[in-house]
Trainee: 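Could you have a look at this structure, given as structure tokens, before my questions?
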Amino acid sequence: MALDISGISASESKSGSLEWVAIAIGAIILIGAPFAVYPVFLMELLCMALFACSFNLLIGGGGLLSFGHAAFFGGGAYIAAETAKMYGFPFELAMLAGIATATFLGLIAGLIAIRRSGLIFAMVTLALAQAIYFLALRLPFTHSEDGIQAVPRGWLLGVVDLKNNMAMYYVCAGIFFLGYLLVRRVWKSPFGQVLRAIKDNQPRMISLGFPVDRYKLINFVLSAALAGVAGSLKAIALGLATLTDVDFSTSAAVVLMVLLGGLGTLMGPVVGAIITVSMDEYLAGIGVPVPVVIGIIFVFIILVFRRGIVGEFLYYLNRFQSRGRA
Amino acid sequence: MSAMALFGQLLLGLINGSFYAMLSLGLAIVFGLLGIVNAAQGAFYMLGAFFAWMLGQYLGIGYWPSLLLAPIGVALFGMLLERTIIKRVYNLDHLYGLLLTLGLFQIIQGLFVYWYGTSGQPYDNPPGLTGGHNLGFMFMPNYRAWVVVASLILCFGTWFAIEKTRLGAYLRAATENPTLVRSFGINVPLLVTLAFGGGVALAGVAGVLAAPIYQVNPLMGGNILITVFAVVVIGGFGSILGSIVTGLVLGVLEGFSKVFYPEASNMVIFAIMIVVLMAKPQGLFGRER
């Protein structure tokens with residue numbers, strides 16, 4: 001059995017209108033949330049959710065599981081933080097610098113990693129990310145263990161002061177929402193269909209004349225760029241870029257978010273990120289070892305719950321609907 | 001640059017290389033049989049070191065008995081996990097196997113970090129192997145010489161067992177076609193469990209051997225695992241001998257770079273991996289599967 005990413009086509013065919021309802025509800029929650037929950041926590045959550053969406057773009061599109069996505073998240077975070085703090089870049093430019101870095105790293109890593117698929121692809125991305133980690137440990141501007149702290153948020157377009165938490169939150173929310181729609185758009189485009197076809201039967205797509213490697217590379221770079229958006233935004237919103245951002249634990253965390261929410265579902269990574277980030281916050285507060293709990297959830301999901309939360313929901317919804325039709 | 005320092009680093013590189021070889025050998029055996037990359041291999045390495053340390057700390061058992069007992073403990077624990085949990089994903093996409101063992105890795109490492117912290121416990125050189133000899137061109141600590149000899153014997157012993165014995169022939173046959181081997185009346189699931197035990201025991205031995213050189217640290221498995229993954233990608237999964245040679249050579253190369261350009265020593269193996277992937281994507285000894 002291949003990786004179960006059938007949720008995409010299922011949500012496409014049968015619950016299209018329902019999806020728009022879900023998106024609309026999501027947008028309302030996005031607008032109302034900072035009045036109920038501490039905005040800084042929400043910003044972190046949104047950045048991780050966007051990061052999870054970027055990972056989902058890669059695995060949902062081509063079935064490629066990256067074990068080193070933190071490299072692009074953290075790479076973006078470091079450069080955005082450095083340019084905003086040391087070079088006085090305004091918010092937009094710092095973001096762009098971070099995203100450009102992540103895109104560049106993604107292009108290099110992609111050119112190397114897409115030469116293999118499956119397990120070896122995962123191991124190669126892990127090793128490449130480790131190389132980036134060592135780089136971040138060694139380069140002077142990253143201040144190794146301390147990281148880059150107290151990054152100024154600056155002004156949005158020179159008019160809105162982002163030191164205001166509410167303003168910063170709505171910027172995060174807007175970028176997250178656009179990112180989500182982008183992933184959705186890519187998936188439902190002919191480009192996304194070709195990617196899924198490559199995943200299902202690569203030799204056939206080659207014989208049909210599709211430049212398979214180029215498709216995979218473009219998707220990889222796109223995913224890395226989006227991870228860079230998430231990382232840069234996080235660095236500026238929370239004012240912090242540290243080694244944790246490029247660490248393997250971050251790469252593993254994003255895998256968990258997507259698995260928990262549901263591989264190959266659009267909403268899954270968002271749900272997974274909400275649960276994982278909230279859980280981290282809660283567990284750290286009561287002194288339970290977080291990695292152990294994360295490991296247990298990993299094992300549990302893979303043994304009994306492979307569709308993830310949103311995936312299970314869509315599965316039963318589809319069964320219910322098709323029964324109603326028959 | 002003194003010759004002493006050069007040869008000292010080369011020796012350490014050779015030792016690291018033999019650890020890489022033992023861990024990637026275990027990975028290659030399990031991968032060959034099950035198609036699963038066992039991400040928990042690093043945890044078994046750490047467990048080997050910790051079991052030896054615990055045997056000494058709580059039961060007063062010394063290095064030599066521990067060198068046997070700790071890997072047996074690791075193997076039993078590994079086989080228990082294989083029988084109860086890991087076997088459930090054999091029929092799924094192998095990425096699930098990687099994710100599952102990654103979860104197991106996080107649980108095991110997380111628990112030891114929780115219990116023992118990240119500072120590391122010292123483990124003394126065994127009596128009889130303290131001190132060292134001056135070979136003229138370098139100072140050779142006895143224990144390190146022993147580690148090199150022991151791991152080389154173990155690696156090539158494993159190679160011999162797999163390539164030259166009857167049990168090894170069953171194992172290779174089961175790798176090629178498990179259904180057919182089963183129809184000959186050979187208990188393939190048992191064979192798989194034993195091979196899994198053997199694979200993780202290799203990591204356990206490496207852990208015990210490493211304990212007196214490095215401290216016994218809960219995080220020691222994670223650091224080596226990623227390097228071993230890169231080693232496996234470079235060598236390819238095709239051949240047992242290939243994993244051994246790749247591990248040793250890369251360890252020595254890493255040692256070399258520590259002498260000439262210490263800042264980059266962590267990166268050398270990854271850089272080699274990139275070059276190999278560009279030139280020969282299936283790895284130096286790999287077969288396309």
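From a predicted model like this one, the values you see are computed outputs, not experimental measurements.
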Trainee: With a cut-off of 3.5 Å and sequence neighbours excluded, list every side-chain donor-acceptor pair involving residues 53-70 of chain A.
Mentor:
from   : atom 1 : to      : atom 2 : distance (Å)
S54(A) : OG     : F51(A)  : O      : 2.6
N56(A) : ND2    : T265(A) : O      : 2.8
S66(A) : OG     : G68(A)  : N      : 3.2
S66(A) : OG     : H69(A)  : N      : 3.4
S66(A) : OG     : H69(A)  : ND1    : 3.2
H69(A) : NE2    : S223(A) : OG     : 2.8

Trainee: Start with the C-alpha gap between L128(A) and M273(B), add the side-chain angles, then the distance that decides, and say whether side chain to side chain contact (heavy atoms under 4.5 Å, CB included) holds.
Mentor: CA-CA 9 Å; L128(A) 290 173; M273(B) 182 192 79; 4.0 Å; yes

Trainee: Can you spot which of T101(B), L99(B), L104(B) makes a side-chain contact (heavy atoms from CB on, under 4.5 Å) with V299(A)?
Mentor: L104(B)

Trainee: Is atom OH of Y214(B) surrounded by more than 12 heavy atoms (other residues, nucleotides or ligands) closer than 6.0 Å?
Mentor: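 Enclosed: over 12 neighbouring heavy atoms sit under 6.0 Å from OH of Y214(B).
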
Trainee: Side chains of V113(B) and V292(A): does their closest heavy-atom pair fall under 4.5 Å?
Mentor: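 They are not in contact (no side-chain heavy atoms under 4.5 Å apart), so the answer is no.
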
Trainee: Look up atom CZ in R306(A) and atom CG in D93(B), then write down how far apart they are to the nearest 0.5 Å.
Mentor: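 Those atoms lie 10.5 Å apart.
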
Trainee: With a sphere of 6.0 Å drawn around CZ of R83(B), does it hold more than 12 non-hydrogen atoms of other residues, nucleotides or ligands?
Mentor: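 Yes, because the 6.0 Å sphere around CZ of R83(B) holds more than 12 heavy atoms from other groups.
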
Trainee: Report which part of I85(B) has an atom under 4.5 Å of a heavy atom belonging to chain A: side chain, backbone, both, or neither.
Mentor: both

Trainee: Which value, rounded to the nearest 0.5 Å, describes the distance between I112(A) atom CD1 and I274(B) atom CD1?
Mentor: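 Answer rounded to 0.5 Å: 4.0 Å.
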
Trainee: Check whether any side-chain heavy atom of F121(A) lies under 4.5 Å from a side-chain heavy atom of L95(B), and answer yes or no.
Mentor: no

Trainee: To the nearest 0.5 Å, how far apart are CG in N223(B) and CD in Q130(A)?
Mentor: 7.5 Å

Trainee: Which pair of heavy atoms, one from A127(A) and one from I226(B), lies closest together, and at what distance?
Mentor: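 Of all heavy-atom pairs spanning A127(A) and I226(B), the closest is CA-CG2, 4.3 Å.
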
Trainee: Is chain A contacted by the side chain of M278(B), its backbone, both, or neither, given a heavy-atom distance below 4.5 Å?
Mentor: both

Trainee: Above 12 or not: heavy atoms from other molecules or residues under 6.0 Å from OH of Y90(B)?
Mentor: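 Counting other residues, nucleotides and ligands, OH of Y90(B) exceeds 12 neighbours.
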
Trainee: Below 4.5 Å, heavy atoms only, C-beta onward: do Q282(B) and I120(A) meet side chain to side chain?
Mentor: no

Trainee: So which residue, V89(B), L111(B), T227(B), ends up with the most heavy-atom pairs under 4.5 Å with chain A?
Mentor: L111(B)

Trainee: Would you compute the distance between atom CG of L100(B) and atom CG of L303(A) and round it to the nearest 0.5 angstrom?
Mentor: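 Interatomic distance, L100(B) CG to L303(A) CG, rounded to 0.5 Å: 5.5 Å.
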
Trainee: Mind checking what makes salt bridge (charged side-chain N to carboxylate O under 4.0 Å, His left out) contact with E312(A), not counting sequence neighbours?
Mentor: R307(A)

Trainee: Is F229(B) in contact with chain A via its backbone, its side chain, both, or neither, using a 4.5 Å heavy-atom distance?
Mentor: both

Trainee: Tell me which of these, L102(B), I269(B), I108(B), I36(B), has more heavy-atom pairs under 4.5 Å with chain A than the rest.
Mentor: L102(B)

Trainee: Just checking F104(A): does its CZ atom have more than 12 heavy atoms from other residues, nucleotides or ligands closer to it than 6.0 angstrom?
Mentor: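 Open: at most 12 neighbouring heavy atoms sit under 6.0 Å from CZ of F104(A).
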
Trainee: If I take atom CG from residue L225(B) and atom CG from residue L126(A), how far apart are they, to the nearest 0.5 angstrom?
Mentor: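 Between L225(B) CG and L126(A) CG, I get 7.0 Å after rounding to 0.5 Å.
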
Trainee: Mind ranking M267(B), Q109(B), R88(B) by heavy-atom pairs under 4.5 Å with chain A and telling me who comes out on top?
Mentor: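 Of the candidates given, the most pairs with chain A belong to M267(B).
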
Trainee: Any idea which heavy atoms bring A131(A) and F270(B) closest together, and the distance?
Mentor: CB-CB, 4.0 Å

Trainee: Need one label for V255(A): side chain, backbone, both or neither, based on atoms under 4.5 Å from any heavy atom in chain B.
Mentor: side chain

Trainee: Using heavy-atom distances under 4.5 Å, tell me whether I301(A) contacts chain B through its side chain, its backbone, both, or neither.
Mentor: neither

Trainee: Can you tell me which portion of V37(B) sits under 4.5 Å from chain A's heavy atoms? Options are side chain, backbone, both or neither.
Mentor: both

